[in-house]
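Scroll down for the structure; my scribbles are underneath it.
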2 protein chains.
Amino acid sequence: MSPTPSTERPVRGRRAPRVSGDDRERAILATAERLLEQRPYHEISTDDLARGAGISRPTFYFYFASKDAVLLALFDRIIEQAEAGRVEVLGRDRDDPAARWREAIGVFYETFGAHRAVTLAAAEVQLSNSEVRELWSKVMEGWASDTAALIEAERERGAAPPGAPARDLAIALIRMNERMLHATFAGESPSVSEQDVVEVLATIWLSTIYGPAR
Amino acid sequence: MSPTPSTERPVRGRRAPRVSGDDRERAILATAERLLEQRPYHEISTDDLARGAGISRPTFYFYFASKDAVLLALFDRIIEQAEAGRVEVLGRDRDDPAARWREAIGVFYETFGAHRAVTLAAAEVQLSNSEVRELWSKVMEGWASDTAALIEAERERGAAPPGAPARDLAIALIRMNERMLHATFAGESPSVSEQDVVEVLATIWLSTIYGPAR
DNA sequence: CGAGCTGGTCAACAGTGTGTCGACTGAATC
DNA sequence: GATTCAGTCGACACACTGTTGACCAGCTCG
């Protein structure tokens, strides 16, 4: 588990959780994820979450400091998975580095795809909530380092062309993935079929890193 | 000018605007843009807008149906400019198509950069307001058509490699630009200097379309 | 046993923001 | 001088957030 998000009540002892208390907490989280699958974040109130978990609104505030804190807890779990997935796939030694990269992008999509409602809600809140933003940038940072390192390595090998700073290229590529992820989940541009997205992204990544048509 | 956004009061005769009435409307728009340069959209209330324009809150509602409608009007003007800019630059006949494309990306950045506060606010609202989203997708659609056409043309000429559908590639590239635009304006990742962004994006675009290192 | 602590619960309150209603004004217009 | 109508706002109804204070049930320790 990751460190406790700061918006959560510090009062509650994390070490000695009451059974019933933890049940409530789980009920709130489950309710949030369920409701997010039905309507967007801004159309869900703390009252909805409380009622959904079978408690009153003040009691809700006993468990979470705000609606955002619930989302943060939900999102945190996904971020952890995504981080673990990236480290796993990119750390693996494999014959074809390009294939490894394509697979990492696929895993990225699958991890967030398994919780698209939460992912979309996080995107919705990102601009106005710095904690969610920082959580997200954690994943982005990991990708940026790995990708920049790859580009530089390929440049030294002579396989990749020189040009703009490797890190800048990496960040732009990652942001593309991020935006496409959200767009796909939000159902924007239905023209691009969801299965093909990873292939399209991989094409651009590999064109940029190695050159096209390999 | 573009068609009147639908959230604006239909009551007000667009054809016979009172001088003082138009002044008020302008005052509200100016106030909104000014306040957005100071704090994010969600921290601005209709009361702030009304007071800033020297009127009461109910009077504000005489001119705009909501806070979102103000942003929509503001954003609409920028969208028009961006559209005009794209058509202008990409329509120009020029020796080097790659340079033309690079220039178009630069103009895209400059147009929105001249109103970054409004652009950021639009980004903030995009997920929860379909009208803003549609306005934005208008620009994206124009770029998608042009870009897809270019890729297909280059493929026929044999300069561009075959692969994923041209339109899908185009959309991914455009979304990258979109995300980088917002990130730059929001001050995310200060590592990438703002001047270099266009160069980085152009590198990826041209790598994808023509192959790298040209 | 019973006094007291503690996690848990909620009715009621205070505050902030949105959007509407209805009455009012003052300058055209007839 | 009456009528109309864009423009204006005080006051209201409502929705949502976050807090306070009283209360209860179970545990624990003298």
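In what follows, chains are A, B, ... by sequence order, proteins preceding strands, each numbered from 1.
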Please state how far atom [atom1] in [X] lies from atom [atom2] in [N], giving the value in whole angstrom units.
X: B/Ile44; N: C/dT16; atom1: CD1; atom2: P; answer: 18 Å
X: B/Asp68; N: C/dG19; atom1: CG; atom2: C1'; answer: 13 Å
X: B/Asp23; N: D/dG7; atom1: CG; atom2: P; answer: 11 Å
X: B/Phe60; N: D/dG7; atom1: CZ; atom2: C1'; answer: 16 Å
X: A/Asp48; N: D/dC16; atom1: CG; atom2: C1'; answer: 10 Å
X: A/Phe62; N: D/dG18; atom1: CZ; atom2: P; answer: 17 Å
X: A/Asp47; N: D/dT17; atom1: CG; atom2: P; answer: 8 Å

Of the options [options], whose atoms approach the side-chain atoms of [X] most closely?
X: B/Ser56; options: D/dC9, D/dG18, D/dC12; result: D/dC9
X: A/Tyr61; options: D/dG7, D/dT17, C/dG19; result: D/dT17
X: B/Ser66; options: C/dG8, C/dG19, C/dT18; result: C/dG19

Taking everything shown except A/Arg51 itself, do over 12 heavy atoms lie less than 6.0 Å from its CZ?
no
Check whether any side-chain nitrogen or oxygen of B/Thr59 sits under 4.0 Å from OP1 or OP2 of D/dC9, and answer yes or no. yes
- prompt: When you look at B/Glu141 and B/Ser145, which way does the side chain to side chain donor-acceptor pair (under 3.5 Å) test go after all the steps?
  reply: CA-CA 6 Å; B/Glu141 182 45 46; B/Ser145 303; 3.2 Å; yes
*Are A/Lys138 and A/Glu134 within salt-bridge range, i.e. N to O under 4.0 Å?*
no
When A/Lys67 and B/Pro58 are each assigned the nearest nucleotide of DNA chain D, the 5'-most assignment goes to B/Pro58
ask   = Parallel, tilted or perpendicular for B/Phe108 and B/Trp143, by the 30°/60° rule?
value = perpendicular
